[in-house]
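What follows is a set of notes on a single structure, which appears directly below.
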Amino acid sequence: MTAVEINFDGLVGPTHNYAGLSVGNVASQANFGETAYPRAAALQGLAKMRAVMDLGLTQGFLPPPMRPAAGALRPFGFGGSNNEVLARAASEDLALFRAVCSASSMWRANAATVLAAPDTADGRVHLVTANLAGMLHRSFEGPETHDLLRRVFRDETRFAVHGPLPSARHFGDEGAANHMRLAHRHGAAGTNVFAHGELRGGAFPERQSRRASEAVARLAGLTDPLYALQNAKAVQAGAFHNDVVAVANENVLLTHPEAFEDAQGLYAALHGRLPNLHVVETQGVSLADAIASYLFNSQLVTLPDGAMALILPVEARENARVWAEVERIVAANNPISQAVVVDVRESMRNGGGPACLRLRVPVDDAAKAGIDPRFILDEARWDRLTRTVEAHWPEAIAPGDLTDPALWDQARAAHAALEQAIGA
Ligand code: SUG
């Protein structure tokens with residue numbers, strides 16, 4: 001089967017802000033209280049989508065849900081009009097109010113785990129919506145993401161879209177950020193690797209539970225997936241998701257040597273299944289450098305000619321040790337032959353790099369035809385989204401601005417304009 005991978009990027013929502021909501025995410029904590037620039041953030045994301053399109057790849061996008069989410073506050077006893085609900089929550093439980101203002105849906109690598117058709121029991125692409133139970137602000141995303149994924153991946157003969165697992169810490173599921181698929185090529189049967197944490201008592205939470213990953217594998221009917229325990233040292237250094245220390249594409253695994261508790265065991269198991277596997281371990285890049293530069297949060301993509309490109313954040317080029325390593329990797333004898341640098345600084349300041357911003361979905365032609373085309377970009381759609389952002393997204397938001405009803409109105413108008421631009 002011939003298949004390609006489509007990256008669906010999260011469009012940055014109009015309430016993008018720095019409220020320091022994610023413990024264990026070093027950037028989110030460090031930038032708490034800073035002024036955010038939602039319009040610039042969304043335009044940076046769109047420029048990244050454009051850069052991928054310019055490489056000759058198909059690019060999709062996923063719109064943000066409405067924030068602030070007044071409806072999410074009602075179960076907590078806040079009543080009245082939407083503005084009354086928001087105003088009361090802001091004065092009585094500011095942390096909860098900030099949680100429903102977050103634009104965190106932009107990091108669509110956490111939307112769902114995607115299981116490729118050649119690996120699943122029924123031959124459909126399975127998407128298991130993530131419950132994001134580990135972080136309050138992210139836990140609100142699941143039901144809306146589930147609805148959206150059903151809307152986008154609408155052909156049920158090609159796609160099985162599952163709802164989020166029941167939301168409990170014991171079943172914390174962060175989606176594709178902790179999942180890697182290794183295969184000879186996208187259309188061939190592959191090995192699914194689930195990286196997970198464990199309750200080991202560090203200061204930083206381990207968000208992905210193994211039991212959640214096992215449930216995901218069961219739902220899709222995978223045979224014989226691999227489970228790899230994250231290295232506690234990496235998690236405690238700030239690798240709150242595995243995609244901060246490793247990335248895979250087809251037959252290449254690019255990884256920090258300290259990403260996994262038993263890295264040699266994982267490589268051996270993979271080599272046993274995939275004879276042409278390339279394990280590319282970085283040299284001379286500390287965990288601290290990896291986390292500050294987001295080298296591994298690159299998108300590793302297969303180009304139309306079969307070579308691979310690494311789409312890196314600009315922060316990786318600004319770190320001399322990291323950039324020297326990128327140059328070595330590109331020059332070495334492996335399929336990675338090109339480095340493309342993108343600026344997603346606004347997202348990076350909340351701990352989200354190029355790979356966090358996208359959900360990768362492998363499809364053959366028939367499955368591709370089963371996707372609502374309004375979510376696949378062409379020149380005209382990209383222009384329309386860009387113009388909508390330019391016209392409606394706030395220029396700047398400081399955390400104090402979140403309680404201003406004028407901002408809520410602007411967010412509603414932006415949301416309505418976006419739905420119109422999509423052509424709902
Ligand atoms: O869940 N940041 C996100 C970043 C997610 C990155 N995704 C991947 N690695 N795939 C998170 O920690 C910060 C929001 C704030 O602090 O306001 C935040 O949610």
Side-chain angles (χ1 to χ4, degrees), residues 7-10 12-13 15-38 41 45 62 64-65 67-68 94-114 130-142 145 172-180 195 197 204-208 230 234-235 237-248 256 259 290-300 313 315 344-360 397-399 401-402:
N7 285 286
F8 286 84
D9 278 44
V12 178
T15 63
H16 160 60
N17 71 91
Y18 300 120
L21 301 177
S22 277
V23 180
N25 171 338
V26 178
S28 151
Q29 298 299 288
N31 293 308
F32 171 45
E34 297 288 321
T35 296
Y37 296 92
L62 295 170
R67 295 290 182 267
L94 185 59
L96 178 60
F97 170 78
R98 283 179 169 161
V100 305
C101 290
S102 176
S104 55
S105 70
M106 73 177 83
W107 300 296
R108 288 298 187 186
N110 305 116
T113 311
V114 183
N131 64 18
L132 295 163
M135 292 288 146
L136 177 65
H137 64 294
R138 304 223 59 185
S139 68
F140 296 116
E141 293 172 38
T145 299
D173 178 18
E174 301 278 320
N178 295 300
H179 169 256
M180 301 185 294
F204 289 177
E206 304 209 19
R207 298 197 205 178
Q208 181 74 37
Q230 292 166 277
V235 178
F240 55 95
H241 289 140
N242 186 65
D243 67 3
V244 177
V245 281
V247 57
H256 191 279
I291 284 146
S293 70
Y294 264 37
L295 160 62
F296 298 94
N297 203 256
S298 305
Q299 288 176 240
L300 185 56
E315 286 80 354
V344 288
R345 282 189 200 277
E346 281 290 310
S347 166
M348 282 285 288
R349 299 180 79 228
N350 249 337
C356 300
L357 285 162
R358 64 90 172 89
L359 184 69
R360 50 208 307 200
I397 299 184
D401 300 335
L402 292 174

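Atoms within each ligand, like the ligands themselves, are counted from 1 in listed order. Just so it is clear, the values below take in all heavy atoms, side chains as well, and ignore hydrogens, waters and symmetry mates.
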Any idea which heavy atoms bring [X] and [Y] closest together, and the distance?
| X | Y | answer |
| --- | --- | --- |
| P399 | E34 | CD-O, 3.5 Å |
| I397 | T15 | CD1-CA, 3.7 Å |
| L402 | N17 | CD1-OD1, 3.6 Å |
| Q29 | S22 | NE2-O, 2.9 Å |
| R98 | A19 | CD-CB, 4.1 Å |
| A27 | M348 | CB-O, 3.5 Å |

Could you state the interatomic distance from CG (N178) to CG (D243), rounded to the nearest 0.5 Å? 7.0 Å

What part of [X] sits under 4.0 Å from ligand 1 if we count only heavy atoms: the side chain, the backbone, both or neither?
| X | answer |
| --- | --- |
| E174 | neither |
| L132 | neither |
| F32 | neither |

Where ligand 1 meets [X] - atom numbers and elements under 4.0 angstrom, heavy-atom basis:
| X | answer |
| --- | --- |
| A109 | 10 (N) |
| S28 | 13 (C), 15 (C), 16 (O) |
| A19 | 17 (O) |
| N25 | 2 (N), 3 (C), 4 (C), 11 (C), 12 (O) |
| G20 | 16 (O), 17 (O) |
| G351 | 4 (C), 6 (C) |
| H137 | 14 (C), 18 (C), 19 (O) |

What residue and heavy atom of the protein are closest to [atom], and at what distance?
| atom | value |
| --- | --- |
| atom 5 (C) of ligand 1 | R138 NH1, 3.5 Å |
| atom 2 (N) of ligand 1 | N350 O, 3.0 Å |
| atom 10 (N) of ligand 1 | D243 OD2, 2.7 Å |

Can you find an N or O of [X] that's nearer than 3.5 Å to an N or O of ligand 1?
| X | answer |
| --- | --- |
| S104 | no |
| W107 | no |
| H241 | yes |

For the pair N31 (side chain) and R349 (backbone), establish whether a donor and an acceptor sit closer than 3.5 Å, ignoring hydrogens and angles. yes

Check whether S105 reaches the backbone of P64 with its side chain - one donor and one acceptor, N or O, closer than 3.5 Å. no

Atom 1 (O) of ligand 1: which of R108, Q29, M135, R207 has the nearest heavy atom? R207

Atom 6 (C) of ligand 1: of A111, C356, A99, A177, the nearest heavy atom sits on C356

Can you find a side-chain donor-acceptor pair between R138 and S102 that sits under 3.5 Å? no

Between S104 and R67, is any pair of side-chain heavy atoms under 4.5 Å apart? no

